[in-house]
**Q** 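One structure follows; several queries about it will come next.
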Protein chains: 2
Amino acid sequence: MSEEFISIGEVAKRSGIAASALRYYEEKGLIAHASRQGQTRLYPPSITERLALITLGQHAGFSLDEIAEVLTNDGYELDRQQLSNKAEEIDKQIQRLSLMRDGLLHAANCNAPTHAECPKFQRILRFTQQQKVKETEKQLDK
Amino acid sequence: MSEEFISIGEVAKRSGIAASALRYYEEKGLIAHASRQGQTRLYPPSITERLALITLGQHAGFSLDEIAEVLTNDGYELDRQQLSNKAEEIDKQIQRLSLMRDGLLHAANCNAPTHAECPKFQRILRFTQQQKVKETEKQLDK
DNA sequence: GCTTGACCTCAAGTCGACTTGAACCGCTAT
DNA sequence: ATAGCGGTTCAAGTCGACTTGAGGTCAAGC
């Protein structure tokens, strides 16, 4: 039925991830060292699932290191607690983005002569600024 | 009553943006060349509004170049058409993130023995993968 | 038998958004 | 008058996630 092993090129085609990136992932420990036939790497077709998981994480805004933390080494099981934490982080980001989107839409339609005079937009700007200042202070604390 | 001009250090403190970053923004054309007193840059306190706008854009996931496109050179007026476009982009990103969040939460709670066997999670993974492959094909087209 | 194409390794380069370092200037407080 | 602070310039360094390039191996097809 389905092939037992596929080449790195085939994995690249199926996953949409460049071969060079796959080698990089291996080096980083995100995927297991592939079995070899001579020099050539051979992958089980199921590798694509783990790769999809990695891509998922990246789209969600996590670094490869963070993804590595969440992905256990064997198979592709996950730490459930970690997952909820990450989900919460994403939720916060969604909140932020929603604010931005509303701000932009409002700015696009608001007919105050300049945004300088639109109180709603001003509120958003002030909020943004406060966040930034707080963030910076946190950095200093360390 | 309020001061006419403030130093770069004061701007940094108020905006939460490092002085070095402010000089970088000037070089990039994101903020006007500050007026000088001798060598020293002097800013009108209102600069903080433009800076908040820049920070807002960054949080929304835009590069400095993209932000520069949207921000007109004078004052801090904006191109309204551009704004709606960006708002739409953000909305798409929110959709993506929502998908991820739901996926993660589901994975955290789902009691299929491994995520390999959870059809909902599988659907999300497949979707992620297809997106990635499409993206890659687009790259090749150019 | 020779080219072609897919694979390999290892080192170096890239990009964006800054930061850091060295070397210097000018004010003011001791 | 000198130390210290905050400003200045310019070049170089950093970080993450890869990509690119040089140089080499191996099997398949003409």
Side-chain angles (χ1 to χ4, degrees), chain A residues 3 5-31 33-43 47 50-71 132-133 135-136 138-140 142, chain B residues 3 5-31 33-43 47 50-71 128 132 135-136 138-140 142:
Chain A
E3 342 78 313
F5 288 105
I6 58 183
S7 72
I8 198 172
E10 185 59 28
V11 175
K13 202 180 298 172
R14 294 191 193 179
S15 66
I17 299 171
S20 60
L22 293 171
R23 297 196 193 97
Y24 177 70
Y25 287 177
E26 182 177 315
E27 197 187 334
K28 273 231 135 189
L30 276 159
I31 56 182
H33 286 240
S35 57
R36 302 278 184 120
Q37 183 174 48
Q39 294 246 81
T40 302
R41 287 172 180 82
L42 287 182
Y43 297 92
I47 187 79
R50 191 173 174 99
L51 292 172
L53 214 44
I54 292 172
T55 303
L56 177 70
Q58 286 193 295
H59 278 161
F62 300 118
S63 71
L64 291 185
D65 285 349
E66 286 173 312
I67 293 171
E69 276 177 40
V70 169
L71 284 177
K132 179 87 187 184
V133 172
E135 207 179 282
T136 316
K138 240 194 236 167
Q139 298 285 325
L140 292 178
K142 293 193 229 170
Chain B
E3 345 77 314
F5 288 106
I6 59 183
S7 72
I8 198 170
E10 184 58 30
V11 174
K13 201 180 298 170
R14 294 192 193 179
S15 66
I17 299 171
S20 60
L22 292 171
R23 296 197 194 96
Y24 177 71
Y25 288 177
E26 182 177 315
E27 198 187 334
K28 272 232 135 189
L30 276 158
I31 55 182
H33 285 246
S35 56
R36 303 278 184 121
Q37 183 175 47
Q39 293 248 80
T40 302
R41 287 171 180 82
L42 286 182
Y43 297 93
I47 187 79
R50 191 174 173 100
L51 291 172
L53 214 44
I54 292 171
T55 303
L56 177 70
Q58 286 194 295
H59 278 161
F62 300 117
S63 70
L64 292 184
D65 284 350
E66 286 172 312
I67 294 172
E69 276 176 40
V70 170
L71 285 177
T128 305
K132 180 85 186 184
E135 210 178 279
T136 317
K138 240 194 236 166
Q139 299 285 326
L140 291 177
K142 292 194 229 167

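This structure is a prediction, so every number in the text was calculated from the model and none was measured. Each chain gets a letter, A, B and so on, in the order the sequences are listed, and its residues count up from 1.
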**Q** With a 4.0 Å cut-off on heavy atoms, is R41(B) in touch with a base, just the backbone sugar-phosphate, or nothing at all?
**A**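 Sugar-phosphate only.
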**Q** From OH of Y24(A) over to C1' of dC10(C), roughly how many Å is that when rounded to an integer?
**A**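 So the OH-C1' distance, Y24(A) to dC10(C), works out to 15 Å.
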**Q** Mind checking the CZ-OG1 spacing from F5(B) to T40(B)? Nearest 0.5 Å is all I need.
**A**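 Here the interatomic distance stands at 13.5 Å.
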**Q** Could you list by number each residue of residues 8-19 of chain A showing a heavy-atom separation from DNA chain C of less than 4.0 Å, or answer none if no residue does?
**A**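 The answer is I8(A), G9(A).
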**Q** E26(A) has an atom CD; how far is it from atom P of dC7(C), in whole Å?
**A**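 The answer, rounded to whole Å, is 14 Å.
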**Q** Picking from dC8(C), dA17(D), dA17(C), which would you name as closest to the side chain of L64(B)?
**A**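 Side chain of L64(B) sits closest to dA17(C).
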**Q** For the atom pair CD1 (I8(B)) and CD (E26(B)), what is the distance rounded to the nearest 0.5 Å?
**A**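 I8(B) CD1 to E26(B) CD: 7.5 Å, rounded to 0.5 Å.
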**Q** Closest to the Y25(B) side chain: dC18(C), dC8(C), dT8(D)?
**A**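 When the side chain of Y25(B) is considered, dC18(C) is the closest of dC18(C), dC8(C), dT8(D).
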**Q** Atom CZ of F5(A) to atom P of dC7(C): distance rounded to whole Å?
**A**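 Rounded to whole Å, this separation is 16 Å.
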**Q** Between atom OG1 of T55(B) and atom NZ of K132(A), what is the distance when rounded to the nearest 0.5 Å?
**A**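 One finds 5.0 Å between OG1 of T55(B) and NZ of K132(A).
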**Q** Can E10(B) and R14(B) be counted as an ion pair, charged N to O under 4.0 angstrom?
**A**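 Looking at R14(B) together with E10(B), the answer is yes, because their closest N to O distance falls below 4.0 Å.
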**Q** Under 4.0 Å between a side-chain N or O of R36(B) and OP1 or OP2 of dC25(C)?
**A**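 Negative; the distance criterion is not met.
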**Q** If only side-chain N and O atoms of T40(A) are considered, is one of them under 4.0 Å from the OP1 or OP2 phosphate oxygen of dA6(C)?
**A**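 No, outside the criterion.
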**Q** For E27(B) and dA11(D), give me the distance from atom CD to atom P, rounded to whole Å.
**A**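 Taking atom P of dA11(D) as the reference, CD of E27(B) is at 10 Å.
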**Q** Using whole Å, what does the distance between atom P of nucleotide dC15(C) and atom NZ of K28(B) come to?
**A**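 From K28(B) NZ to dC15(C) P: 12 Å.
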**Q** Remember a base hit wins even if backbone is also touched, and classify S20(A) as base, sugar-phosphate or nothing at under 4.0 Å, heavy atoms.
**A**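 Base contact - S20(A) has a heavy atom under 4.0 Å of at least one base atom.
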**Q** Just the rounded figure in Å: distance from P of dT20(D) to CZ of R23(A).
**A**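 After rounding, the reported distance stands at 13 Å.
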**Q** Please determine if a side-chain N or O atom of Q58(B) lies less than 4.0 Å away from the OP1 or OP2 oxygen of dC18(C).
**A**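 So the side-chain polar atoms of Q58(B) do come within 4.0 Å of the phosphate oxygens OP1 or OP2 of dC18(C), strictly under.
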**Q** From the list dT8(D), dA17(C), dC18(D), which nucleotide is the closest neighbour of the side chain of A21(A)?
**A**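 Of the candidates, dC18(D) comes closest.
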**Q** Give me the one residue out of L30(A), I17(A), L56(A) that meets side chain to side chain contact (heavy atoms under 4.5 Å, CB included) with L51(A).
**A**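 Running side chain to side chain contact (heavy atoms under 4.5 Å, CB included) over L30(A), I17(A), L56(A) with L51(A) returns exactly one hit, I17(A).
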**Q** Would you mind reading off the distance between L22(B) atom CG and dG6(D) atom C1', rounded to a whole angstrom?
**A**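 The answer, rounded to whole Å, is 14 Å.
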**Q** Quick check: closest heavy atoms across A34(B) and Y43(B), and the distance to 0.1 Å?
**A**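 Closest heavy-atom pair between A34(B) and Y43(B): CB-CE2, 3.5 Å.
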**Q** Taking CG from L42(B) and P from dG6(D), how many angstroms apart are they, rounded to a whole number?
**A**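 Result: 16 Å.
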**Q** Determine the minimum heavy-atom distance between A19(B) and A12(B), stating which atoms define it.
**A**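 Nearest pair, atom of A19(B) first, then A12(B): N-CB, 4.0 Å.
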